[in-house]
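Below is one structure, written out as structure tokens; the observations come after it.
Counting convention: from 1, in listed order, for ligands and their atoms alike. Remember, predicted model here, so these are calculated numbers, not experimental data.
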Amino acid sequence: MRKVVIVLTLLVVGLTFVLSSAGFAKKKIVLGFSQLGAESEWRVACTKSIQQSAKDYDIDLIFSDAQQKQQNQIAAIRSFIARKVDVIGLTCIVESGWGPVLREAKAAHIPVIMIDRGCDEKDTSLWATKIGSDFVKEGQKAAKWLGDYLKKKGIDDGVKQINIDELQGTVGSAPAIDRKKGFEMVMNAEHPNWKIVRSQSGNFTDSEGKAVMQAFLKADKNVQVVFAHNDQMALGAIQAIEEAGLKPGKDITIVSMDGVKGAFVAMMAGKLNCTVECNPLLGPQLYQAAEDLMDGKTLPKQIDTIEGVFDETTAAAAFPNRQY
Ligand code: AHR
């Protein structure tokens with residue numbers, strides 16, 4: 001009998017040791033993330049959020065910066081697959097051209113989480129979820145704000161033509177396509193007298209935004225509105241407008257997207273009129289989704305971020321609480 005008790009005790013102790021030390025202790029998640037580059041204040045804040053919150057979530061992050069090249073992103077994903085990571089995070093620089101590499105990830109049973117920008121592949125089983133903003137809605141919010149503002153200021157009487165210069169984001173990217181779409185939906189439905197007279201890509205950077213705006217103003221200074229697909233290009237455009245001897249925010253109404261600190265400073269100086277928020281602090285949501293996937297949960301195809309609209313009247317009060 002004593003022998004039986006001793007054997008049973010040893011078995012229980014042994015089993016407890018095996019379960020806690022090896023089999024049932026949670027394995028650290030390894031996540032490979034392909035960031036598209038560092039073209040804007042917004043993007044830098046997004047990268048920081050992803051890198052910092054990896055520590056909070058105790059995730060092993062393999063970070064890769066593609067420096068604005070899709071082929072670098074594809075190579076990074078292939079290297080993540082070769083290293084057998086648990087999850088892949090991806091921000092698609094442009095919408096098209098992702099099918100083959102996403103199918104390789106699927107064949108290797110590695111789930112992909114899209115962050116911020118998605119792709120135009122028809123087969124939605126190629127990614128687990130997309131976390132980020134609704135860019136069409138952002139474009140709509142910009143046009144709605146603009147409609148109210150121009151009317152309130154007596155700039156738009158609903159009849160006289162309102163000339164708009166548009167600074168588009170990176171050609172073929174989801175935010176450039178969708179922000180334009182959202183803005184034009186409202187413009188076409190509610191403002192028949194608005195006209196986008198010039199539209200060109202400033203690639204989401206201040207230097208290119210400035211160069212495009214310089215060319216626009218050289219062609220024609222009769223413009224009432226600049227619609228910029230991000231704050232960075234709006235900040236570049238502001239410089240071009242000032243150098244042309246005009247007052248940004250007064251002679252030309254400027255509305256842009258993101259809500260970075262630089263935009264708030266410009267709004268408080270009266271040089272930018274409105275920014276539609278686009279939240280770059282996506283790190284915590286990315287890792288929560290990765291953990292959920294590893295726990296076998298199914299995620300919704302789209303996880304939205306909550307965002308506001310800020311203008312000259314609300315900028316100063318909101319500024320101290322801005323995190324990016
Ligand atoms: O995809 C989000 C966009 O990309 C932001 O509006 C822009 O600033 C960034 O570079």
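Note on residues 92-101: no pairs pass side chain to side chain donor-acceptor pair (under 3.5 Å), not counting sequence neighbours.
Counting protein heavy atoms only, atom 6 (O) of ligand 1 is closest to D258 OD1, 2.5 Å. The nearest protein atom to atom 10 (O) of ligand 1, hydrogens excluded, is given as E39 OE2, 2.3 Å; this is a heavy-atom distance.
In this structure, M257 has no heavy atom closer than 4.0 Å to ligand 1. Within the 4.0 Å heavy-atom cutoff, C278 does not count among the residues contacting ligand 1.
Using a cutoff of 4.0 Å between basic side-chain nitrogens and carboxylate oxygens, K271 and E242 are scored as salt-bridged. In this structure, K261 does not pair ionically with E41, as no charged nitrogen and carboxylate oxygen lie closer than 4.0 Å.
If you number the atoms of ligand 1 from 1 as listed, the ones under 4.0 Å from a heavy atom of R179 come out as 5 (C), 6 (O). Set against the non-hydrogen atoms of D116, the atoms of ligand 1 under 4.0 Å away are 1 (O), 2 (C). Atoms of ligand 1 found under 4.0 Å from any heavy atom of P175 (numbered from 1 in listed order, with element): 1 (O). Interface of S40 with ligand 1, defined as ligand atoms under 4.0 Å from a residue heavy atom, comprises 7 (C), 8 (O), 9 (C), 10 (O).
In this structure, of R117, M233, Q68, the residue bringing a heavy atom nearest to atom 1 (O) of ligand 1 is R117.
Between K106 and S125, the shortest heavy-atom distance links the atoms NZ-OG, 2.8 Å. Taking each heavy atom of D86 and K28 in turn, the nearest pair found is OD2-O, 3.8 Å.
Legend: residues meeting ring-ring contact (aromatic ring centres under 6.0 Å, His included) with F227, ordered by chain and number and at least two apart, are F183, H229.
Counting only N and O atoms by type, the side chains of Q302 and T129 include no donor and acceptor under 3.5 Å apart.
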